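Following: one structure in structure tokens, then a few remarks.
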Amino acid sequence: MVQTELARGTDSGPFRGIGEFHLYDSANANGPVAKKLMALAEEKNLVVLAHVDDVAIDLLMANAPSKGQKLRLIWAHTGIGGAPASRVDQLMARYPMLMGELSYRPGLTCQGGRLCPEWRAMFMKYPGRFVIGSDTWVNQRWMVYDELMKDYRAWLGDLPPELARKIAWENAAGLFGLK
């Protein structure tokens, strides 16, 4: 199905990515479909959006032809279970094309909705590697969309304006060739 849809494209041009797909069991990242998707995404230079934990990131990357060095993967929520910032940093260092999506990311903010220091440091270290998402996967999420964006604006305000712009829009736009 994925190959058929890629060949067909869209009215506005070719697909630029695959996903979002969910793997609630990390071991499924070694399954035949996941392996084929990683190889296809790297071969076609497609962005993958994966809703997985940190263990599955390593497994998915290992299944790419470049072993994760050329695979463009957006990690939904920068982890299902809220991997510690130190683990996220480790994965960012290991995989140069890994992007962290920040919607509903536990531990991102501290008291008063302000950005936690370890995340601020990580954004400064990897300024081109994080993106904002809304995770509006069901209609009920649209009811809290305004509040979600308000919360993002609050912690984005803790960053230098240029970095806030990158995370809020420019990194994603660049990833999909819109910038």
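Everything numeric in this text was worked out from a predicted model, so none of it was measured.
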Stepwise side chain to side chain contact (heavy atoms under 4.5 Å, CB included) test for W155 and L102: CA-CA 12 Å; W155 64 256; L102 299 167; 3.6 Å; yes

Working for side chain to side chain contact (heavy atoms under 4.5 Å, CB included), residues L108 and L115: CA-CA 6 Å; L108 183 64; L115 191 59; 3.9 Å; yes

4.5 Å side-chain heavy-atom contact, [X] and [Y]:
| X | Y | result |
| --- | --- | --- |
| R120 | L159 | yes |
| D151 | T109 | no |
| V2 | F21 | no |
| S134 | M149 | yes |
| V48 | L37 | no |
| V52 | L59 | no |

Distance, nearest 0.5 Å, that separates OG1 of T10 from CD of E5: 10.5 Å

Distance (rounded to the nearest 0.5 Å) between Q3 CD and K44 NZ: 8.0 Å

Do [X] and [Y] share a hydrophobic cluster, counting only Ile, Leu, Val, Met, Phe, Trp and Tyr and linking them when any side-chain heavy atoms are less than 4.5 Å apart?
| X | Y | value |
| --- | --- | --- |
| I57 | I18 | yes |
| M97 | M61 | no |
| L23 | M1 | yes |
| V88 | L60 | yes |
| M122 | L163 | yes |

List the atom of [X], the atom of [Y], and the distance in Å for their closest heavy-atom pair.
| X | Y | answer |
| --- | --- | --- |
| R72 | L175 | NH1-O, 2.8 Å |
| A39 | P65 | CA-CD, 3.8 Å |
| G82 | P106 | CA-CG, 3.7 Å |
| E101 | I132 | OE2-C, 4.2 Å |

By salt bridge (Lys or Arg N to Asp or Glu O under 4.0 Å), which residues pair with [X], not counting sequence neighbours?
| X | value |
| --- | --- |
| R153 | none |
| E43 | none |
| D89 | K125 |
| R94 | D58 |

F15: ring-ring contact (aromatic ring centres under 6.0 Å, His included) partners, not counting sequence neighbours: none

With sequence neighbours excluded, residues passing ring-ring contact (aromatic ring centres under 6.0 Å, His included) with W169: none

Has the side chain of [X] got a donor or acceptor atom that lies under 3.5 Å from a matching backbone atom of [Y]?
| X | Y | result |
| --- | --- | --- |
| Y152 | G133 | yes |
| R129 | L98 | yes |
| N171 | P127 | yes |
| R105 | T78 | yes |
| E20 | A76 | no |
| D53 | S26 | no |
| N63 | M38 | no |
| R165 | E170 | no |
| H77 | S103 | yes |

Test log, rule side chain to side chain contact (heavy atoms under 4.5 Å, CB included), inputs D135 and L148: CA-CA 10 Å; D135 197 36; L148 178 65; over 6 Å; no

Stepwise side chain to side chain contact (heavy atoms under 4.5 Å, CB included) test for L156 and F123: CA-CA 11 Å; L156 284 167; F123 295 162; over 6 Å; no

Aromatic centroids of Y95 and W75 separated by under 6.0 Å: no

Cation-pi, Y104 ring and R141 (6.0 angstrom, 45 degrees): yes

